[in-house]
2 protein chains.
Amino acid sequence: MSGSSGASASGVRVPGTRRRTAQHEAVLHELAGSDVFVTAQEVHGRLRAGGSGIGLATVYRALAALAADGELDVRRTEEGETAYRRCSQGHHHHLVCRTCGRTVELDGPAVESWADRVSAQHSFRDTRHTVELVGTCADC
Amino acid sequence: MSGSSGASASGVRVPGTRRRTAQHEAVLHELAGSDVFVTAQEVHGRLRAGGSGIGLATVYRALAALAADGELDVRRTEEGETAYRRCSQGHHHHLVCRTCGRTVELDGPAVESWADRVSAQHSFRDTRHTVELVGTCADC
DNA sequence: GTCATTGCAAACGCTTTGCATCTGT
DNA sequence: ACAGATGCAAAGCGTTTGCAATGAC
C-alpha cells in the first residue's frame with residue numbers, strides 16, 4: 001500500500017479514488033450473497049474456481065481497500081487470519097457459529113453504553129470496542 | 001507441538017507433565033510484574049537483553065504451554081501478533097491503551113447477561129464471548 | 001538412563017510489495 | 001496519455017517444527 005501503486009503521490013488513500021474494475025466487482029460480488037466471514041484466500045480460491053484469473057495480491061488489495069472505505073467488516077480468526085464480511089452498515093456485533101460459520105448480526109445497546117461508561121470512567125479517549133460471541137448454533 | 005518433542009507419545013499434553021526449567025521460570029518471571037499484554041518476541045527480547053541465552057522458539061513454546069494450561073491470557077493484537085498476559089483469574093475483560101499498552105481489568109455484569117440472553121435467543125450453545133475495549137489513555 | 005526440553009536454523013502460512021504491464025477515465 | 005489497478009514472483013513477518021544436544025527426574 002506504499003509503493004508505486006494503489007495510492008496517490010501523497011501516500012494517502014482518498015476514498016472514492018478507486019476505479020471500477022472487473023476484479024473489484026468480482027470480489028464484491030463474491031461477498032454479496034454470503035452471510036459468513038471469509039478470508040482473502042477463500043475469496044481467491046472461489047473466484048479462481050469460478051474461472052476468474054484474478055491474482056491473490058489483487059484480492060488482498062481489493063479487500064483491504066474496501067475495508068478501509070468501511071464497506072467491509074474485518075475480523076481476526078483465532079488462527080490469525082483476516083476475515084472479511086460485507087457489512088450491512090452501522091455499528092453492530094456478531095454471534096458466530098464455530099462449526100458452520102453462520103453469523104447473526106446483533107444490536108447491543110447495553111454493551112455500547114457500558115463501553116462508553118467504562119471508557120470515560122478510566123479517562124480513555126477514542127475508545128473502540130470489539131465484541132464477538134462464538135457458539136454452536138442449533139443446527140450443528 | 002506434534003513432532004518428537006513437547007508432548008508424550010500420545011501427542012496429548014497432560015497438564016502437570018511439564019518440567020521445571022530455568023527458561024520456563026524466566027518466562028513466567030518476565031510476565032509476573034507486568035500489567036500489559038506482551039508478545040513472544042518482546043518477552044524474548046527482554047530476556048536476551050537481561051543476559052539470558054533463551055531461544056525464541058523456547059519462548060513461543062513456553063507461552064503456548066502456559067496459555068494451554070490456563071495460566072495466561074491470550075489476545076490477538078490488531079496487527080495479528082499473539083500477545084500474552086498473566087491472568088489474575090476468573091472471567092473478565094480489558095480496556096487497553098493503544099499507545100502504551102496499559103491495561104485495565106473490567107468486570108462487565110451487563111455484558112455477561114446480555115451475551116447469555118442473546119445466545120439463548122438464537123439457540124446457540126456453549127457460547128463464549130470476547131470483549132475488548134481499545135482506546136487512548138489519559139497519559140498518552 | 002529416559003524422556004521432556006532447549007536452541008538453532010529451516011520451513012511455513014498469511015500477507016505485502018516491487019515492477020512491468022494493462023486498463024479505466 | 002496518465003494515474004491507478006493487476007499479476008506474478010519474491011520478500012517479509014510472526015510463528016512452528018525437525019533434529020541433535022542438553023538437562024530434569
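Note on naming: letters A, B, ... go to the chains in the order of the sequence lines (proteins, then strands), and numbering restarts at 1 for each one. Small disclaimer: the values here were computed from a predicted structure and weren't measured.
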I want to check one thing: is the phosphate of [N], taken as OP1 and OP2, less than 4.0 Å away from some side-chain N or O of [X]?
{"X": "A:Q23", "N": "D:dG7", "value": "yes"}
{"X": "A:T82", "N": "C:dC14", "value": "no"}
{"X": "B:T21", "N": "D:dA24", "value": "no"}
{"X": "B:Y60", "N": "D:dT15", "value": "yes"}

How long is the line joining [atom1] of [X] and [atom2] of [N], in whole Å?
{"X": "B:R61", "N": "C:dC8", "atom1": "CZ", "atom2": "P", "value": "11 Å"}
{"X": "A:R75", "N": "C:dC14", "atom1": "CZ", "atom2": "C1'", "value": "16 Å"}
{"X": "B:H44", "N": "D:dG14", "atom1": "NE2", "atom2": "C1'", "value": "13 Å"}
{"X": "B:Y84", "N": "D:dT15", "atom1": "OH", "atom2": "P", "value": "7 Å"}
{"X": "B:R76", "N": "D:dT15", "atom1": "CZ", "atom2": "C1'", "value": "9 Å"}
{"X": "A:L63", "N": "D:dT6", "atom1": "CG", "atom2": "C1'", "value": "15 Å"}
{"X": "A:E42", "N": "C:dG13", "atom1": "CD", "atom2": "C1'", "value": "14 Å"}

Which pair of heavy atoms, one from [X] and one from [Y], lies closest together, and at what distance?
{"X": "B:A40", "Y": "B:V59", "result": "O-CG1, 3.6 Å"}
{"X": "B:C137", "Y": "A:R125", "result": "O-NH2, 3.3 Å"}
{"X": "B:T103", "Y": "B:H94", "result": "CG2-CD2, 3.5 Å"}
{"X": "A:A83", "Y": "A:T77", "result": "CB-CG2, 4.0 Å"}

Give [X] one of three labels, base, sugar-phosphate or nothing, depending on what nucleic acid heavy atoms sit under 4.0 Å from its own.
{"X": "B:T39", "value": "nothing"}
{"X": "A:I54", "value": "sugar-phosphate"}
{"X": "B:E79", "value": "nothing"}

So A:E30 and A:H44, side-chain hydrogen bond (donor to acceptor under 3.5 Å, both in side chains) or not? Walk me through it.
-> CA-CA 9 Å; A:E30 185 61 43; A:H44 180 242; over 6 Å; no
Nearest-nucleotide wise, let me know which of A:R48 and B:A83 is further upstream toward the 5' end of DNA chain D.
-> A:R48
Assign each of A:H24 and B:L56 to its nearest nucleotide of DNA chain D by heavy atoms, then name whichever residue's nucleotide is nearer the 5' end.
-> A:H24
Taking atom types as they are modelled, is there a donor-acceptor pair under 3.5 Å from the base of D:dC25 to the side chain of B:R20?
-> no
Less than 3.5 Å between a donor and an acceptor, one on the side chain of A:R18 and one on the base of D:dA5, is that the case here?
-> no
Flag side-chain contact, heavy atom, 4.5 Å: A:L106 against B:W114 = yes
Measure from the side-chain heavy atoms of [X] and tell me the nearest of [options].
{"X": "A:A57", "options": "C:dC8, D:dT6, D:dA9", "result": "D:dA9"}
{"X": "A:Q41", "options": "C:dT15, C:dG7, D:dG7", "result": "C:dT15"}
{"X": "B:E81", "options": "D:dT6, C:dT6, D:dT15", "result": "D:dT15"}
{"X": "B:R19", "options": "D:dA24, D:dG7, C:dC8", "result": "D:dA24"}

